[in-house]
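Taking it in order: structure first as structure tokens, then the write-up.
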There are 2 protein chains.
Amino acid sequence: MNRKMPVKRVFRTKQKRLSADDRRSEFVTKATELFAEEGFGGGTRALARKLGVTQPLLYRYFPSKDDLIKEVYRKVYLEPLEIGWEKLLSDRSRPLRARLQEFYEVYTDAIFNRRWLRIYLYSGLKGLDINRWYVGMVKDKILTRILRECRHDAGLATQSRPSAAELELAWVFHGGIFYYGVRKYIYEAPVLEDKAQMISDALDIFLAGFERMAESATDRRRVPIKVVG
Amino acid sequence: MNRKMPVKRVFRTKQKRLSADDRRSEFVTKATELFAEEGFGGGTRALARKLGVTQPLLYRYFPSKDDLIKEVYRKVYLEPLEIGWEKLLSDRSRPLRARLQEFYEVYTDAIFNRRWLRIYLYSGLKGLDINRWYVGMVKDKILTRILRECRHDAGLATQSRPSAAELELAWVFHGGIFYYGVRKYIYEAPVLEDKAQMISDALDIFLAGFERMAESATDRRRVPIKVVG
DNA sequence: ATCTCTGGTGATCGCTCGATAAACTGAGCC
DNA sequence: GGCTCAGTTTATCGAGCGATCACCAGAGAT
């Protein structure tokens, strides 16, 4: 991590003169922290202060603050994708429930922290394309996959695309879990500390709900689970 | 609505000189719109432009921008409380499921709109007391009440406070529904258009999950609802 | 020892922000 | 008609913002 400590100059509390790459990534890292707390209105001077450098230095590495922000997006949004959930969710040598449990534990380990959630919500409020892309990704790569595995597990025909009702079921389930993170890290409200237990319980009711839906869909064809009005 | 149209001056596209009360509430209304879109960083000049007046006028009605913001909070947070859910949720002359269905339809009618949700999320990110208060209110006035009714319906002892696991179950359910609004109005992602159907489905799996939990709590104590592996 | 190249700084510009003070204006009252 | 008072505007302040430019300084090559 430490590179090229000068022989002389033992004092000098802040070593400066980092390599270009190191400085650049340091800007991104600290900018993520700053923007997570202050929102993207956080100032470039406050950012420079966090690095112990002066504000104009930022512009040696990024043409504008907006470019820095884009870099922060890239880092934050791509971080949780490094898990490789394809194989985790689709590995049919393992029981479905265990796969889902592990996936959501790993996934929430990646995104349930103050930094990620705040950046995500701030960028969501800005309505950026990258946010839409992420939501679409969750739908296609996670929820659709989960539903396909559920259908397979229940012995149903594996259709290419899930029905709108199924998708909504999965979204409500997924959103319920996501909201646990929001309550804990954004609202800082007390939550059930055992995250794995929360996931397990949520899975219980989701899987039970899916089974019911599957049953009523096979018995009579495609009838709403229950019509109230 | 229109007050005191001057006899002459038929032109004059913007009638000004409103009464103090009217002008004040107009500031709050338009500020809510502005802050919902731009966040609380939205400028006082932009706000004045929306009213067709000049910026310093704001300071005749509010000592500072922060006071205006507080007023916006008050209005937004208290709006959905005017429903009177006490009687709606606790009216045991009606079947539980119908009460829950109606409550969530009415509640989401009140909060599922771009304005409310965005203000709510922005203020949540600021970590203000009023947000904590609201979350606590949801817990005490909605979720706890729902759980009590569920226990009663299932013939269980009505304990004063729900268990942490029950509460978490209810939170995940509630959060799943809430997230539907976020997806629709914040992310502007396509959702199942039939909101009532979404609520109905979510209720199905929540109630089924609660029943199972209640059963396993009475049969053997605290066993995972279902273990697939 | 000197040169050079590059990471880093100081000063500053133009703009927008929230906020203040003083001047203006028009409807209601005598 | 003229007075008054409350709603509104004009002008302006100081601070903070993103961004630019000329300059500085220190490590490595020669």
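The chains referred to below are lettered A, B, ... by the order of the sequence lines, with proteins before strands, and numbering in each begins at 1. These numbers come from a predicted model, not from an experiment. Basis for what follows: all heavy atoms, side chains included, without hydrogens, waters or symmetry-related copies.
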For this session: Indicate, with yes or no, if the rings of B:Y134 and B:W116 have centres closer together than 6.0 Å.
Result: yes
Exercise. Do B:F178 and A:F178 have ring centres separated by under 6.0 Å?
Worked result: no
Exercise. At under 4.0 Å, does any side-chain N or O of A:R23 touch on OP1 or OP2 of C:dT6?
Worked result: no
Problem set entry | Phosphate contact (C:dT25 OP1 or OP2) by B:R17 side-chain N/O below 4.0 Å | no
For this session: Just jot down the side chain to side chain donor-acceptor pair (under 3.5 Å) partners of A:K65, sequence neighbours excluded, or say none.
Result: none
Problem set entry | Residues within residues 54-67 of chain B bordering DNA chain D, heavy-atom distance below 4.0 Å | B:T54, B:P56, B:L57, B:R60, B:Y61
[X] [atom1] - [N] [atom2] separation (whole Å):
{"X": "B:L18", "N": "D:dT9", "atom1": "CG", "atom2": "C1'", "value": "15 Å"}
{"X": "A:F27", "N": "D:dA19", "atom1": "CZ", "atom2": "P", "value": "13 Å"}
{"X": "B:L51", "N": "D:dT9", "atom1": "CG", "atom2": "P", "value": "10 Å"}

For this session: Can you sort out which residues in residues 33-44 of chain A have a heavy atom within less than 4.0 Å of DNA chain C? Ascending by number, please.
Result: none
Exercise. Taking everything shown except B:R132 itself, do over 12 heavy atoms lie less than 6.0 Å from its CZ?
Worked result: yes
Exercise. What about B:R45: does its side chain form a donor-acceptor pair under 3.5 Å with the base of C:dG18?
Worked result: yes
Exercise. Does NZ or CZ of B:K126 fall inside the cone over B:F40's six-membered ring, less than 6.0 Å from its centre and within 45° of the axis?
Worked result: yes
For this session: Tell me yes or no: between the side chains of B:S200 and B:R97, is some donor less than 3.5 Å from an acceptor?
Result: yes
Exercise. When you check the side-chain N and O atoms of A:Y179 and A:Y187, is any donor under 3.5 Å from an acceptor?
Worked result: yes
Exercise. What is the distance from atom CD1 of A:I119 to atom CD1 of A:I69, rounded to the nearest 0.5 Å?
Worked result: 9.0 Å
